[in-house]
2 protein chains.
Amino acid sequence: MDVKVLSKGEATRERLLDLAEKAVLQKGFGATTIEELIAAAGLTKSGFFYHFRDKNDLAQALLRRYIQRHNDIIDDMFVRSAELTDDPLQGFLIGLKFFADMLADLPNTHPGCIVASFCYQDQQFSRDIRDLNGDGIRAWRAQIHVRLEEIAKRYPPRAGVEIEALADMCTAIVEGGIILSRTLDEKQMLARQVMAYRNYVKLAFEARVEA
Amino acid sequence: MDVKVLSKGEATRERLLDLAEKAVLQKGFGATTIEELIAAAGLTKSGFFYHFRDKNDLAQALLRRYIQRHNDIIDDMFVRSAELTDDPLQGFLIGLKFFADMLADLPNTHPGCIVASFCYQDQQFSRDIRDLNGDGIRAWRAQIHVRLEEIAKRYPPRAGVEIEALADMCTAIVEGGIILSRTLDEKQMLARQVMAYRNYVKLAFEARVEA
DNA sequence: ATAAGTACTGTACCAGCGGTGCACTTCTCA
DNA sequence: TGAGAAGTGCACCGCTGGTACAGTACTTAT
C-alpha cells in the first residue's frame, strides 16, 4: 500500500470528499448541503469554494475518485488470482471469491455505489458527469468481458449463455445486490449474490464436472 | 382493464404523482421541486398542499402507488403463465419470458425504479417510508421465492444452487439491469439480463437436458 | 334551490440553501 | 523570509420548502 503524503490542502479536499461521499450515498446529491459538509469539516463556505468551483465540481471529483478506486480494486483482485493459477476459468472464479470475501468482511452493509446513486439523479448533472458515469461502468464491464472471452476460448459455454450478457450480469448483480442489501438491511446479501453469480459462471462453463 | 372513474381531485392528485415520479427518477427526490410540479400541473402552491401534507407525504404516496402497481404486474405475469402449463419450472420460465418481452417492448429505456431511487436517498425520509421500501422488495422477493420452492420440490437443484439466493438474484438482476440500461443508455440491456437470469434458472434445475 | 363540502386561488411571510464577489489573514514550505 | 497556498469574514442575491389563513369557484346530494 502506497501511503501518499498529502499536503494540507489535499488533505482538506479529501476530507470534504469523504464527508460528501457518505452524505450523498445516504441522502442523495441534491439533499446534501454544502453547509453541512463545511460544518462537519470545520471550515467556512469560502473555504469550500476555494477547493471546488461549485457543487457540480464536487460531484465530478467525487465520481472520478470513486471510479478510480474501484478500477484499482478489481484489477488487484484479478492480478492476485492470476498469481494462483494459469487457467482463466479458475482464475476468474478465485477472483470472484476474493471479491465476495472482501464484501463479507465489510464492518457494515455496503455503503453504496456512487455511480448507481448518480444514475438515479443524473438530470441534475452536466453532460460530462453523465458521460463519466457511463465510462465508469464501461471500464468495469470491459475488465470482466475480456476475462470471460479468455475462458470461452478454452471452455465452450453451454447453450443459451451469451458472453456479453454474462459480463454485464456481474455488474448488474453487484449494483442490484447493493440495493437489496441496503433496502433489506441484510449485510451478507451482497456477498451471497456474488457467490450466486460465481456459481452461474461455473455452470455456464463447466461441461458436466459435478463435485 | 378496469378504468376507474376519477373525481376531479383524484385526477389532479394522480397528475401530480405522475409528474413527481418522472422527475424523481431523473433528478432524485431532493432535487425535485414542488415549484416545478405545480408549474407543470397548472396549479398553485396552495393547491399542492391541499393534496399533500408536505413533501414527505408526496414521497409516501409515490412509493405506495409504485409498489402496488408492480406487485400487480408480477402477479399478472405469473397468473398468465400458470394458465399455459402445470409444470412449475416451465411456468416460471414462461413468466420470465413474458417479463422480458414486456421490458423489451417499452418505447424507451426503463424509466427506473422508485424503490431503488429511494434506497439511495433514504436518510431524507422518515422511518415509515424506509420500512415501506423494504416491504416492497420483500413482497417481490416472496412472490419469486415461493415459486422457486415449488420448482425445487419437483426438480432437485444442481450443486451450489441456493433457492433463497436465486430468488433474490431475480430482484438484483432487475435493479442492476435498470442501472446498467440507464447508465449506458442501452435500451435492450434490461430484457437481456432478465433472459440471462432465466437461462441460469434453466441450468440450475434442468439436470442435463441439452437442446 | 340551497347548502355543504371539495378543490382549489391569492397573498404574505420565513429560514435555509447555493452561489458570487472581494478584501483580508494565516499558514506552510522552499 | 518571502511567496504562494489555504483559508476567513462579510455582504448580498434569488430560489425553495414550508406555514398560515382568508377567500372563492365548482360539484353534488337533498
Side-chain angles (χ1 to χ4, degrees), chain A residues 3-24 26-63 65 117-118 121-126 128-129, chain B residues 4-24 26-63 117-118 121-126 128-129:
Chain A
V3 179
K4 258 251 194 81
V5 177
L6 298 179
S7 70
K8 197 195 171 198
E10 286 169 331
T12 303
R13 199 185 142 94
E14 285 298 302
R15 214 164 70 246
L16 281 171
L17 285 173
D18 287 341
L19 289 164
E21 183 166 316
K22 204 172 167 186
V24 165
Q26 285 177 349
K27 305 193 289 197
F29 187 78
T32 299
T33 70
I34 294 177
E35 219 75 42
E36 81 181 271
L37 297 179
I38 60 179
L43 83 170
T44 62
K45 201 184 251 194
S46 315
F48 176 89
F49 285 106
Y50 173 77
H51 289 285
F52 302 100
R53 210 178 314 104
D54 51 27
K55 228 186 157 192
N56 229 294
D57 192 29
L58 171 71
Q60 187 160 344
L62 214 52
L63 190 51
R65 195 180 72 152
S117 170
F118 278 25
Q121 315 183 44
D122 63 356
Q123 285 306 312
Q124 72 189 288
F125 300 123
S126 57
D128 36 313
I129 291 189
Chain B
K4 258 244 194 88
V5 177
L6 299 180
S7 70
K8 196 192 171 198
E10 286 169 329
T12 304
R13 199 184 141 94
E14 285 297 304
R15 214 165 68 247
L16 282 171
L17 286 174
D18 288 341
L19 289 164
E21 183 167 315
K22 203 171 165 186
V24 165
Q26 285 178 348
K27 304 193 288 198
F29 187 77
T32 298
T33 71
I34 294 177
E35 219 73 42
E36 79 181 271
L37 297 179
I38 60 179
L43 82 169
T44 63
K45 202 185 252 194
S46 317
F48 176 89
F49 285 105
Y50 172 78
H51 290 285
F52 303 101
R53 213 178 312 103
D54 50 28
K55 228 187 157 189
N56 228 294
D57 192 31
L58 171 70
Q60 187 160 345
L62 215 51
L63 191 52
S117 170
F118 278 25
Q121 317 184 43
D122 62 358
Q123 285 305 312
Q124 71 188 289
F125 301 123
S126 58
D128 37 310
I129 291 189

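So that the names make sense, note that chain A is the first sequence line, chain B the second, and so on, each numbered from 1. These numbers come from the heavy atoms of this one structure, side chains and all, not from hydrogens, waters or symmetry mates.
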A/Y50 vs D/dA6: side-chain N/O to OP1/OP2 distance below 4.0 Å
yes
Check whether A/Q121 reaches the backbone of A/F29 with its side chain - one donor and one acceptor, N or O, closer than 3.5 Å.
yes
I need the CG-P distance between A/L58 and C/dG18, as an integer number of Å.
10 Å
Going by side-chain hydrogen bond (donor to acceptor under 3.5 Å, both in side chains), name the residues that satisfy it together with A/K27, two or more places apart in sequence or in a different chain.
A/E36
In whole angstroms, how far is the P atom of C/dA7 from the CZ atom of B/F52?
12 Å
When you measure from the side-chain N and O atoms of A/H51 to the phosphate of D/dG7, is any distance below 4.0 Å, counting only OP1 and OP2?
yes
Please report how far the helix from C/dA1-D/dT30 to C/dA30-D/dT1 bends, comparing the axis fitted to its first five pairs with the axis fitted to its last five, to the nearest 10 degrees.
30°
Pair listing, side chain to side chain donor-acceptor pair (under 3.5 Å) test, anchored in residues 11-22 of chain A, at least two apart:
A/E14-A/R65, A/D18-A/R65, A/E21-A/R65
Atom pair CG/CZ of A/L58 and A/R53 - distance to nearest 0.5 Å
11.5 Å
With sequence neighbours left out, the residues meeting side chain to side chain contact (heavy atoms under 4.5 Å, CB included) with B/I129 are B/N56, B/A59, B/Q60, B/L63, B/F118, B/F125, B/S126
To the nearest 0.5 angstrom, please state how far the OG1 atom of B/T32 sits from the CD atom of A/Q124.
8.5 Å
Report the C-alpha separation of A/L16 and A/F48 in whole Å, then their side-chain angles, then the decisive distance to 0.1 Å, and conclude whether the side chain to side chain contact (heavy atoms under 4.5 Å, CB included) test is met.
CA-CA 8 Å; A/L16 281 171; A/F48 176 89; 4.1 Å; yes
Short question: side chain of B/K45, backbone of B/I34 - any donor-acceptor pair under 3.5 Å?
no
How many whole angstroms separate atom CG of A/L37 from atom P of C/dG16?
17 Å
Round to a whole Å and report the spacing from CG of B/L43 to C1' of C/dG10.
13 Å
dist A/L37:CG -> A/F52:CZ (nearest 0.5 Å) comes out at 9.0 Å
From CD of B/E10 across to P of D/dT27 the rounded distance in Å is 15 Å
Rounded to whole Å, the CZ-C1' distance (A/R13 to D/dA5) equals 14 Å
Please write out each protein N/O paired with an N/O of nucleotides 27-30 of chain C under 3.5 Å, distance rounded to 0.1 Å.
none

Between C1' on D/dT16 and CZ on B/F29, what's the gap in Å once rounded to a whole number?
13 Å
To the nearest 0.5 Å, what is the distance between CG (A/L43) and CZ (A/F49)?
11.0 Å
Side chain to side chain contact (heavy atoms under 4.5 Å, CB included) between B/L62 and B/V24: does it pass, once the steps are laid out?
CA-CA 10 Å; B/L62 215 51; B/V24 165; 3.9 Å; yes
When you check the phosphate oxygens OP1 and OP2 of C/dA7, does a side-chain N or O of B/T12 lie under 4.0 Å from one of them?
no
Atom pairs under 3.5 Å: protein N/O with N/O of nucleotides 17-23 of chain D:
from, atom 1, to, atom 2, distance (Å)
D/dG17, OP1, B/T32, O, 3.4
D/dG17, OP1, B/I34, N, 2.8
D/dG17, OP2, B/I34, N, 3.0
D/dG17, OP2, B/E35, N, 3.3
D/dG17, N7, B/K45, NZ, 3.0
D/dG18, OP2, B/K55, N, 3.3
D/dG18, N7, B/K45, NZ, 3.2
D/dG18, O6, B/K45, NZ, 3.4

Length of the CZ-P vector between B/R15 and C/dA7, whole Å:
13 Å
